[in-house]
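Computed from a predicted model, the values in this text were never measured in an experiment.
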Amino acid sequence: MSRQPLRLAILDATRLLEAAGVPSPRTDAELLAAHVVGVERTRLGLVPLVDAEVIDRYRSLVDQRAKRIPLQHITGVAVMGEIELAVGPGVFVPRPETELLLAWALAVLADVSTRPPVVMDLCTGSGALALAIAHARPDAVVHAVELEPKALAWARRNADTLAGQGDTPIRLHHGDVTDRSLLTELEGGVDLVVSNPPYVPEDAFLDPEVADHDPASALFGGADGLSVITPMISNIARWLRIGGALAIEHDDSNGGQVATLLRERRVFGEVAEHPDLAGKPRFVVARRVATEAEAARRA
């Protein structure tokens, strides 16, 4: 049976995905091809010809993507930092924008070198941030909180896989990040809190990949997108040690409001807003500072 040019199949796939309205047709066409032939995307040029069965399988996956099924659901994999995560129905697919929050978090942890840092990942979903931090900082004690059972199952699966590969196990908790009784034993002992919570306003327009496939509970945060973030901030205040840091991802429409919520609390300082790669507001950071009473007790 004759072999066929993979490059031509990728060009056909790009045209099909572009016509279907896929935001990054060429990139997705190449990533699907790399997935099918089992190479890195940058090495596709080393695979000029493939069997007809490979082309058939590739076209089948491209047809799924043209129906706006998320790329990560088709391949079963998403990336965060230096790790790969299993994802699928029932769990939020990590976005590239969150890589910037991860990089900021690791830079903060670089200043914690005299003892194992304690980290919390709130609304962990697939475990993306928690597991990427544990991979990069094997000395860290990482706690991850998730409310939805299906998402928690994905996080546990990913945690077990990475622990089996030698990463430091994380500590998964089934809980509501707005619950004032959650993890009281960690009060005042956490060095870093990160969170990619539900933050999309209820009336927002979303691409089909998001609206039809990401769980609504992982997306929407009430009318203004802040129904989880606002009460979560009170919990973060009690978990962080003096000098500890936090980073919260948010919708590009409500970043200023998140920053204001933090500035209005006397226990937070060094509040700063960070943009994503497109220049849109994406996450807010701050430090836990001592109140006058706390400073007096420490004096």
request  = Can you establish whether the number of heavy atoms outside Arg241 located under 6.0 Å from its atom CZ is more than 12?
outcome  =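 Result for CZ/Arg241: enclosed.
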ask   = Taking everything shown except Leu8 itself, do over 12 heavy atoms lie less than 6.0 Å from its CG?
value =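 Check passes, neighbour count above 12.
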In Å, rounded to the nearest 0.5 Å, how long is the span from [atom1] of [X] to [atom2] of [Y]?
| X | Y | atom1 | atom2 | result |
| --- | --- | --- | --- | --- |
| Ile133 | Met120 | CD1 | CE | 12.0 Å |
| Tyr58 | Gln4 | OH | CD | 13.0 Å |
| Ile74 | Gln64 | CD1 | CD | 5.0 Å |
| Glu40 | Leu46 | CD | CG | 11.5 Å |
| Trp239 | Thr184 | CH2 | OG1 | 10.0 Å |
| Leu182 | Glu187 | CG | CD | 10.0 Å |

Run the side-chain donor-acceptor check on residues 195-202: report pairs under 3.5 Å with partners two or more places apart or on a different chain.
{"from": "Ser195", "atom 1": "OG", "to": "Leu122", "atom 2": "O", "distance (Å)": "3.0"}
{"from": "Tyr199", "atom 1": "OH", "to": "Glu249", "atom 2": "OE2", "distance (Å)": "2.9"}

Side chains of [X] and [Y]: closer than 4.5 Å at any heavy-atom pair?
| X | Y | value |
| --- | --- | --- |
| His250 | Pro281 | yes |
| Val119 | Val190 | no |
| Arg57 | His35 | yes |
| Ile248 | Ile236 | yes |
| Arg282 | Leu100 | no |
| Asn254 | Asp224 | no |

Path from [X] to [Y] over hydrophobic side-chain contacts below 4.5 Å:
| X | Y | answer |
| --- | --- | --- |
| Ile170 | Val108 | yes |
| Leu101 | Val271 | no |
| Leu129 | Leu85 | yes |
| Val141 | Val194 | no |
| Ile83 | Leu106 | yes |

Sequence neighbours excluded - side-chain hydrogen bond (donor to acceptor under 3.5 Å, both in side chains) pairs with any residue from residues 74-93 =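 Qualifying pairs: Glu82-His135.
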task = Applying side-chain contact (heavy atoms from CB on, under 4.5 Å), name anything that partners Pro138, two or more places apart in sequence or on another chain.
result =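 Applying side-chain contact (heavy atoms from CB on, under 4.5 Å) to Pro138 gives Thr168.
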Could you point out which residue of [options] forms a side chain to side chain contact (heavy atoms under 4.5 Å, CB included) with [X]?
| X | options | result |
| --- | --- | --- |
| Leu172 | Val142, Leu152, Asp121, Val145 | Leu152 |
| Leu32 | Val37, Thr27, Val62 | Val62 |
| Val177 | Val228, Ile229, Asn235 | Val228 |

Salt-bridge contact Arg26-Glu30 (side-chain N to carboxylate O under 4.0 Å) =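 So Arg26 pairs with Glu30 through a salt bridge.
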Atom of [X], atom of [Y] and distance for their closest heavy-atom approach:
| X | Y | value |
| --- | --- | --- |
| Met80 | Glu99 | CA-OE2, 3.5 Å |
| Ala155 | Thr124 | CB-CG2, 4.4 Å |
| Pro117 | Leu109 | CB-CD2, 3.8 Å |
| Arg180 | Arg238 | O-NH2, 2.9 Å |
| Leu240 | Ala245 | CD2-O, 3.4 Å |
| Ala78 | Gln72 | CB-CG, 4.0 Å |

query = Excluding sequence neighbours, so at least two apart, what forms side-chain hydrogen bond (donor to acceptor under 3.5 Å, both in side chains) with Glu97?
reply =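 Applying side-chain hydrogen bond (donor to acceptor under 3.5 Å, both in side chains) to Glu97 gives none.
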query = Residues in side-chain hydrogen bond (donor to acceptor under 3.5 Å, both in side chains) with Asp139, at least two apart?
reply =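 Arg137.
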key: Partner set under salt bridge (charged side-chain N to carboxylate O under 4.0 Å, His left out) for Arg115, not counting sequence neighbours   =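 Residues passing salt bridge (charged side-chain N to carboxylate O under 4.0 Å, His left out) with Arg115: Asp191.
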query = Residues two or more places apart in sequence or in another chain: which of them pass salt bridge (charged side-chain N to carboxylate O under 4.0 Å, His left out) with Asp251?
reply =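 Applying salt bridge (charged side-chain N to carboxylate O under 4.0 Å, His left out) to Asp251 gives none.
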query = Passes side chain to side chain contact (heavy atoms under 4.5 Å, CB included), Arg171 versus His173? Steps please.
reply = CA-CA 7 Å; Arg171 305 179 186 188; His173 307 274; 4.0 Å; yes
request  = Walk me through it: do Asp203 and Phe220 pass the test side chain to side chain contact (heavy atoms under 4.5 Å, CB included)?
outcome  = CA-CA 9 Å; Asp203 61 353; Phe220 298 108; over 6 Å; no
message = Connecting only ILVMFWY residues whose side-chain heavy atoms lie within less than 4.5 Å of each other, what is the rest of Leu147's hydrophobic cluster?
response =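 Its cluster mates, by chain and number: none.
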query = Taking ILVMFWY side chains as joined if any heavy atoms are under 4.5 angstrom apart, and letting links pass through other members, which residues group with Leu49?
reply =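 So far as hydrophobic clustering goes, Leu49 is joined with none.
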Scan the side chains in residues 256-268 for donor-acceptor partners under 3.5 Å anywhere in the protein, sequence neighbours excluded, and list what turns up.
{"from": "Thr260", "atom 1": "OG1", "to": "Gly256", "atom 2": "O", "distance (Å)": "2.9"}
{"from": "Arg265", "atom 1": "NH1", "to": "Ser234", "atom 2": "OG", "distance (Å)": "3.2"}

task = List in chain and number order the residues that pass ring pair (Phe, Tyr, Trp, His ring centres under 6.0 Å) with His213, two or more places apart in sequence or in another chain; answer none if no residue qualifies.
result =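 Counting only residues at least two positions away or on another chain, His213 forms a ring pair (Phe, Tyr, Trp, His ring centres under 6.0 Å) with His73.
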message = Please evaluate residues Leu246 and Arg288 with respect to the criterion side chain to side chain contact (heavy atoms under 4.5 Å, CB included), reporting the C-alpha separation (whole Å), side-chain torsions for both, the decisive distance (0.1 Å), and the verdict.
response = CA-CA 8 Å; Leu246 68 93; Arg288 175 70 161 84; over 6 Å; no
query = Quick one: does Asp176's side chain have a donor or acceptor within less than 3.5 Å of a partner on Thr178's backbone?
reply =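 Judged by distance alone, yes, a pair lies under 3.5 Å.
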message = Main chain of Trp154, side chain of Asn158: is a donor-acceptor contact present, judged purely on distance under 3.5 Å?
response =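 Judged by distance alone, yes, a pair lies under 3.5 Å.
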I'd like a table of donor-acceptor pairs (distance under 3.5 Å, sequence neighbours excluded) in which one partner is a side-chain atom from residues 14-25, with atom names and distances.
{"from": "Thr14", "atom 1": "OG1", "to": "Ile10", "atom 2": "O", "distance (Å)": "2.8"}
{"from": "Arg15", "atom 1": "NH2", "to": "Asp12", "atom 2": "OD1", "distance (Å)": "2.4"}
{"from": "Ser24", "atom 1": "OG", "to": "Asp28", "atom 2": "OD1", "distance (Å)": "3.1"}

query = Does the side chain of Asp63 come under 3.5 Å of the side chain of Ser60 through a donor N or O and an acceptor N or O?
reply =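 Short answer, no.
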task = Would you please test Arg65 and Glu209 for salt bridge (charged side-chain N to carboxylate O under 4.0 Å, His left out) and show each step?
result = CA-CA 9 Å; Arg65 185 69 187 99; Glu209 291 88 343; 2.8 Å; yes
Evaluation steps, side chain to side chain contact (heavy atoms under 4.5 Å, CB included), between Arg95 and Val210 = CA-CA 11 Å; Arg95 306 293 198 262; Val210 179; 3.1 Å; yes
